[in-house]
Amino acid sequence: MDLSSLCTAACVSPTFNFAVAYRLPFVSSFDLSGFYLDEENLKHVVRRVPGAKSLTIECLRMRNDSSINNILGEHIEDLSLLKCTHLSYDILHAIGERSLLIEFAGCDAPERFERKLAEMLQKVPLLESLSITIRGTSRDAFDVRPLGQFLPPSLRKLKFQQTDARLFVLWLDAVRKIPLFNLRNLSLVLDLISDDLLITVVHSLPHLVELDLEDRPFTLSSVGDLTNIGLQALKFCECLIALSIVRSKMNCPASFRREDNKGMFHVSEGCKRLESVKLGGFAKVTEAGYSSILYSCRNLKKFEVLTSPLLPDSVIDNMTGVARSVVELRLSSCSLLTSEALEHLSSFRKLEVLDTSGCERIGDQAPFYISEVTTLTRLNIAKALITDVGLALLGAGDLPMVQLCIRKCEKVTDKGIKSLFHVDRKICKTLSVLDVGYIPKIIDAAIFTIATAAKALTDLSLRFCNGVTDAAVQMLMDRPNHNSSQLQMVDLCSCRGLSAEAIMLPLPLYAFHRLRWLGIGLTVIVAKRGIFSAICEARPRLVVCGVCCDFGCCDGWQWHKVR
């Protein structure tokens, strides 16, 4: 049983409580992501699992470093600290685990970070995995060169966000000389992916198994940019099983423009063992380039293409050779894709995840093809041209859907939502996460249908649904034994139909009693500071976000303080 199930079982009876108390000390992996605990509650919970070797913590409510220092023990080998809004770089000095993942909000000086990281590395000679993300420092690139002399030879996995590509190349040239240094997994977020970077990575790390590169350029200049020469170097990575090269549009609408199908031919020639491929922002690669990878990589399980203006419908026809092995297929923001691209989707016997978000030419015929994939559990068709007819076709497929996103499908109405949740369909019992944000015709009637029919729903996004009023929110709050009482995250960002009294005060004991995160940014509730504060005081374990973050503040926690 997972953590949530164990906690639920413990409340059933004294006998169950005793059984769970007996079981907890033997739990080896303890994942608290999604649980926003403060220091006192964290200390109490971690004390119950003295045998945990792996620990994951959401740090949004951790106010200082001592919150973490007080719970660290010698038994913990793998430590993940997420969303460290208030933690300083000093926390690194206290860490001595074999595997570390940490997300900082970049508030201190880069020099301080480098010094504390060097101190940590000197204490962990057996470190195997290091993942450090510095968020909120769009232009600050940390210099990793001073760390070379302290890097343990045992390191196998390294993730760093974000760093300067030129400095990283110099650093890698130095650390490759470390005896027994044999990095297998490298993940970087940089300012620019260049030929020099790829060539240095390939020559320095010949046994690389996973390579994940993302750049965020600030200009449209192609000087020093990646070309086919850099991609050609990848054909020497014969051990590679996972490859991701993505150009982000976070800072400017840039794309890779100096490489074409020839670059993809080089990749397919040498990287035949690939099981996961993610390519984003390749403006000049056509069907031939992508198809060469599909023909060569016969063990492909995950295939993802982002922002590819020349990707045609026929590319899926070329996936017949890997259709039986692909589990995850993502073709996002590909402007040429239409519903016909999904016509032969039923041949994908193991497909569980499908994402065509941003493909605005996909229409009502697509849900018919999708409904024939009986293994599908997660679907994202955001910004599609589907109507209520398309949702009715999707519902008729009776798929065991766990996550569904129809964000920005602007032609959908409450009638479409009703046809999706027809009585006794599997989706009524399995759907856990639903996003119907940015749909102007979503009104209270749709919310009533969702809350009544979706019996397993935990996360609901209604952001920018101006037709939602106080009545819908009250309905979600005032039924202690209703399906809506299962909700853990609700996003009401910019629901302008809500009044300041949408969340009634004082809060009843049963209202939102399982809720962990509530988004109310750009609503009048935030403007009424008294009401906003009262909600926070009434539910001290509830994270209330007054800005515009998505679920769990996963996209914006570094920019603001949560309540």
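Quick note: residue numbers are just sequence positions, from 1.
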Handout entry: Gap between atom CG of Leu55 and atom CG of Asp31 - 0.5 Å precision
Key = 9.0 Å
Exercise for the section: Please examine the side chains of Ile447 and Val468, heavy atoms only from C-beta on, and report whether any two atoms are closer than 4.5 Å. Expected result: yes
Handout entry: Heavy-atom side-chain contact between Leu32 and Leu37 under 4.5 Å
Key = yes
Problem - Atom pair CZ/OG1 of Phe551 and Thr458 - distance to nearest 0.5 Å - result: 8.0 Å
Handout entry: Sidechain-backbone polar pair: Asn380 side chain, Ser357 backbone, donor-acceptor under 3.5 Å
Key = no
Problem - Sidechain-backbone polar pair: Glu103 side chain, Lys83 backbone, donor-acceptor under 3.5 Å - result: yes
Handout entry: Heavy-atom side-chain contact between Leu394 and Leu379 under 4.5 Å
Key = yes
Practice task
Side-chain contact test, heavy atoms from C-beta onward, threshold under 4.5 Å: evaluate it for Val433 versus Leu404 and give yes or no.
Solution key: no
Fill in the blank from the handout: Residues passing the side-chain hydrogen bond (donor to acceptor under 3.5 Å, both in side chains) test with Glu210, sequence neighbours excluded, are Asn185
Handout entry: Any donor-acceptor N/O pair, Asp470 side chain to Ser499 backbone, under 3.5 Å
Key = yes
Handout entry: Asp364 side chain to Val389 backbone, donor-acceptor under 3.5 Å
Key = no
Fill in the blank from the handout: Nearest heavy-atom approach of Phe30 to Ala52 is CB-CB, 4.1 Å
Completion exercise
Shortest non-hydrogen pair, Ala451 vs Met475, comes out as CB-CE, 3.3 Å
Handout entry: Polar side-chain atom of Ser339 near backbone of Gly363 as donor-acceptor pair, under 3.5 Å
Key = yes
Practice task
Find out whether Leu354 and Leu376 are in side-chain contact, i.e. whether some heavy atom of one side chain is under 4.5 Å from a heavy atom of the other.
Solution key: yes
Exercise for the section: Check whether any side-chain heavy atom of Val246 lies under 4.5 Å from a side-chain heavy atom of Leu306, and answer yes or no. Expected result: yes
Problem - Distance under 6.0 Å and angle within 45° of ring axis: Arg61 vs Tyr36 - result: no
Problem - Expected output: side-chain Gln162 to main-chain Ile134 donor-acceptor under 3.5 Å - result: no
Problem - salt_bridge(Arg112, Asp90) N-O dist < 4.0 Å - result: yes
Exercise for the section: Kindly check if the number of other-residue, nucleotide or ligand heavy atoms within 6.0 Å of NZ (Lys249) is above 12? Expected result: yes
Practice task
Look at the side chain of Thr430 and the backbone N and O of Met401, then say whether any donor-acceptor pair between them is shorter than 3.5 Å.
Solution key: yes
Handout entry: Close side-chain approach of Lys441 and Cys465, heavy atoms under 4.5 Å
Key = no
Problem - Short side-chain to backbone donor-acceptor contact, Thr452 and Thr449, under 3.5 Å - result: no
Exercise for the section: Can you measure from OG (Ser308) to CG (Leu279) and round to the nearest 0.5 angstrom? Expected result: 9.0 Å
Exercise for the section: To the nearest 0.5 Å, tell me how far Ile427 CD1 sits from Phe421 CZ. Expected result: 5.0 Å
Handout entry: Distance-minimising heavy-atom pair for Leu100 and Ile95
Key = CD1-CD1, 3.8 Å
Practice task
Measure the spacing between NZ of Lys383 and CD1 of Ile362 and express it to the nearest 0.5 Å.
Solution key: 12.5 Å
Handout entry: Minimum-distance pair of heavy atoms, taken over all atoms of Arg463 and Cys549
Key = NH1-O, 3.0 Å
Exercise for the section: State whether the number of non-hydrogen atoms from other residues, nucleotides or ligands found under 6.0 Å of Lys157 atom NZ is greater than 12. Expected result: no
Exercise for the section: Measure the spacing between CG of Asp459 and CD of Gln488 and express it to the nearest 0.5 Å. Expected result: 6.5 Å
Problem - Neighbour count above 12 (heavy atom, 6.0 Å) for Phe368 CZ - result: no
Exercise for the section: State whether Phe35 and Arg516 meet the cation-pi test: NZ (Lys) or CZ (Arg) under 6.0 Å from the six-membered ring centroid, and within 45° of the perpendicular axis. Expected result: yes
Exercise for the section: State whether Arg216 and Glu214 are salt-bridged, where the test is any N-O pair (Lys NZ or Arg NE/NH1/NH2 against Asp/Glu carboxylate O) under 4.0 Å. Expected result: yes
Problem - Backbone N/O of Pro400 and side chain of Arg425: donor-acceptor pair under 3.5 Å - result: no
Handout entry: Salt bridge present between Lys278 and Asp212 (N-O < 4.0 angstrom)
Key = no
Handout entry: Lys116 atom NZ: more than 12 heavy-atom contacts under 6.0 Å
Key = yes
Exercise for the section: Is it possible for you to check whether Lys408 lies under 6.0 Å from the centre of the six-membered ring of Tyr438, through NZ or CZ, and within 45° of that ring's axis? Expected result: yes
Exercise for the section: Determine whether Leu393 and Ile370 make a side-chain contact, defined as any pair of heavy atoms from C-beta on separated by less than 4.5 Å. Expected result: no
Exercise for the section: Assess the side chains of Glu39 and Asn70: does a donor N or O sit below 3.5 Å from an acceptor N or O? Expected result: yes
Exercise for the section: Measure across Glu304 and Lys302 and return the closest heavy-atom pair with its distance rounded to 0.1 Å. Expected result: OE1-CE, 3.5 Å
Practice task
Could you tell me whether the side chains of Thr56 and Ser33 share a donor-acceptor contact shorter than 3.5 Å?
Solution key: no
Practice task
Just jot down the side-chain hydrogen bond (donor to acceptor under 3.5 Å, both in side chains) partners of Asn466, sequence neighbours excluded, or say none.
Solution key: none
Practice task
Have a look at Asp78 and tell me which of Ser28, Ser129, Ser99 forms a side chain to side chain contact (heavy atoms under 4.5 Å, CB included) with it.
Solution key: Ser99
Exercise for the section: Look only at the side chain of Asp491 and the backbone of Ser461, and say whether a donor-acceptor pair between them is shorter than 3.5 Å. Expected result: no
Problem - All side-chain hydrogen bond (donor to acceptor under 3.5 Å, both in side chains) counterparts of Thr413, not counting sequence neighbours - result: Asp388
Handout entry: Heavy-atom closest contact (Ile102 atom, Cys84 atom, distance)
Key = CG1-SG, 3.9 Å
